[in-house]
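Working notes, structure below.
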Amino acid sequence: MSETSMAGTEGATVQPQLREVPAVRMEAVYKHYGDFTALNEVDLKVAKGEKIVVCGPSGSGKSTLIRCINHIEKHDEGLIYVNGVELDHQRKNIDAVRRDTGMVFQSFNLFPHMTVLENCTLAPMTANGMSESEAKDLAMHFLTKVRIPDQAEKFPGQLSGGQQQRVAIARALCMRPKIMLFDEPTSALDPEMVKEVLETMKKLAEEGMTMLCVTHEMGFAREVADRIVFMNEGKVVEQAAPEEFFKHPKSERARTFLDQIIH
Amino acid sequence: MSHFSPTAAVSYFFNYFLMKGVLVTIGLTVAAVVGGLVLGMGIALLRMSSNPVLAGAARFYIWFFRGTPLLIQLVVIYSGLPQLGIKFSVITCALVGLILNEAAYLAEIVRSGFMAVSAGQREAAWALSLSPWVTFRRVTLPQAFRLMIPPLGNSINSLLKATSLASVISVEELMRRSDMLMQEHFQILEVYAAATAYYLILTSVWDAVQRRLEKHFGRSSAVKTRRVAASAPVAQASVEARA
């Protein structure tokens with residue numbers, strides 16, 4: 001890069017950070033399941049602090065896209081960088097990326113045999129070597145933030161879906177991630193519980209968290225997203241600011257998609 | 001002699017010689033369960049391994065020991081192996097046979113338990129940077145174990161009764177000692193009534209223990225988790241179909 005050579009006069013060993021490293025950078029990423037192409041030459045760049053909503057019809061590769069970012073799915077071809085670390089299937093890089101990212105799943109995936117508090121303290125204690133009292137303080141801090149500190153001693157099965165999902169968010173935050181990945185976080189919820197989860201996510205967005213959300217909640221997208229990424233058949237078909245995307249979708253596929261979901 | 005003597009049956013029940021046989025039966029069962037679980041766990045891990053040679057070896061083991069009668073296995077170990085110069089004591093023969101056989105059944109139970117833990121649990125563990133050991137020890141094993149208890153209970157019940165086959169290779173457990181008493185006194189119904197009572201007591205005690213275990217390990221599970229667990233084999237199947 002020309003920037004590097006220009007900086008050479010200053011001192012060659014210093015890596016000039018003229019432009020900030022993006023939170024996520026994907027270049028020509030492919031993912032196949034047998035004959036099915038889940039991701040088809042996907043390019044995506046997410047700046048630090050940016051909020052992205054990924055939408056598209058089912059089977060379009062939205063979930064696969066964000067599941068590749070923390071290597072829960074292995075991409076087959078292409079490059080993925082997370083905070084400058086290349087996801088190249090090496091253990092130490094995968095670990096580094098997973099430490100930087102938190103994930104919230106559609107089906108919550110809380111550990112059903114542990115209390116809410118234990119769900120939140122397990123990773124800080126075992127993966128970060130925190131003491132039990134430190135981990136408990138941390139967990140209570142985030143449980144308070146998602147407004148359910150009073151449920152700490154209950155088991156996940158005793159909570160409502162909305163409460164479980166908020167616990168899942170708190171559990172992920174306990175690892176102090178720099179990027180949060182949401183995989184249809186409200187799709188498994190009863191309608192009256194969607195709001196409490198979205199409110200929690202909005203609060204997180206206001207605090208400057210980098211977020212990638214796969215969701216069909218277009219109200220949330222309009223309000224929170226900096227950019228909408230629309231996918232179809234494994235490809236990123238278009239990306240635009242919400243205003244632009246909802247008013248003037250460029251592709252025919254996005255137009256029919258929006259007609260279907262906005263009543 | 002066309003009558004049944006209840007007092008004789010009761011006296012056989014309290015017969016010291018027979019009671020010692022009961023202890024041997026219990027000992028054989030406990031040892032075979034512990035040994036079978038350790039070996040079975042190992043075989044289950046091999047069976048789930050992505051290495052086709054290891055998985056194939058485990059599959060062969062399970063196929064072989066579940067596909068042949070325990071009686072033949074015991075007789076081969078006791079009478080057949082000495083022909084090859086391999087000799088064990090009677091009790092060792094019984095234990096080896098019971099453990100090898102039980103391990104094949106338990107391996108399948110362990111494997112199905114792990115497969116029934118939803119893939120989402122492992123994904124959540126990865127996303128949280130948990131190490132493979134912590135994921136196994138704290139996330140998957142406790143959930144798999146809870147699912148294993150009912151089939152495990154069944155298998156142990158069968159095993160308890162299957163120890164009677166060791167009588168054929170002259171292990172003096174409950175069945176063998178009943179035979180010995182019977183041959184001495186010819187009170188067939190009375191002796192076997194006592195033995196039957198002992199087997200029923202042992203299996204009933206185990207039933208009670210199993211219920212306690214189910215209650216203990218099921219305490220945190222609510223409707224939600226059962227639903228997730230129930231849908232897991234389907235999810236697993238689709239993952240396998242993809243791979």
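First the proteins, then the strands, lettered A, B, ... as listed; each starts at 1.
Proximity of the aromatic rings of B:Tyr198 and B:Phe13 is defined here by a centroid distance below 6.0 angstrom, and this criterion is met. For B:Phe114 and B:Phe136, the gap between ring centers is short of 6.0 Å.
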Between B:Glu214 and B:Arg211, does the salt bridge (charged side-chain N to carboxylate O under 4.0 Å, His left out) criterion hold? Intermediate values first, please.
CA-CA 5 Å; B:Glu214 277 174 34; B:Arg211 262 196 302 275; over 6 Å; no

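Of the two parts of A:Leu110, only the backbone, made up of N, CA, C and O, holds a non-hydrogen atom closer than 4.5 Å to a non-hydrogen atom of chain B. Of the atoms belonging to A:Phe111, heavy atoms from both backbone and side chain fall under 4.5 Å from chain B. When heavy atoms are compared at a cutoff of 4.5 Å, B:Ser131 does not approach chain A at all. In this structure, the portions of B:Val139 lying under 4.5 Å from any heavy atom of chain A include both its backbone and its side chain. A:Thr101 touches chain B through its backbone: at least one of N, CA, C or O sits under 4.5 Å from a heavy atom, while the side chain does not.
A salt bridge does not link A:Glu207 with A:Lys203: none of the charged nitrogens is closer than 4.0 Å to a carboxylate oxygen. We find that A:Asp95 and A:Arg99 are not joined by a salt bridge, their nearest charged nitrogen and carboxylate oxygen being 4.0 Å or further apart.
Among A:Met175, A:His71, A:Arg171, the residue with the largest count of heavy-atom pairs under 4.5 Å with chain B is A:Arg171.
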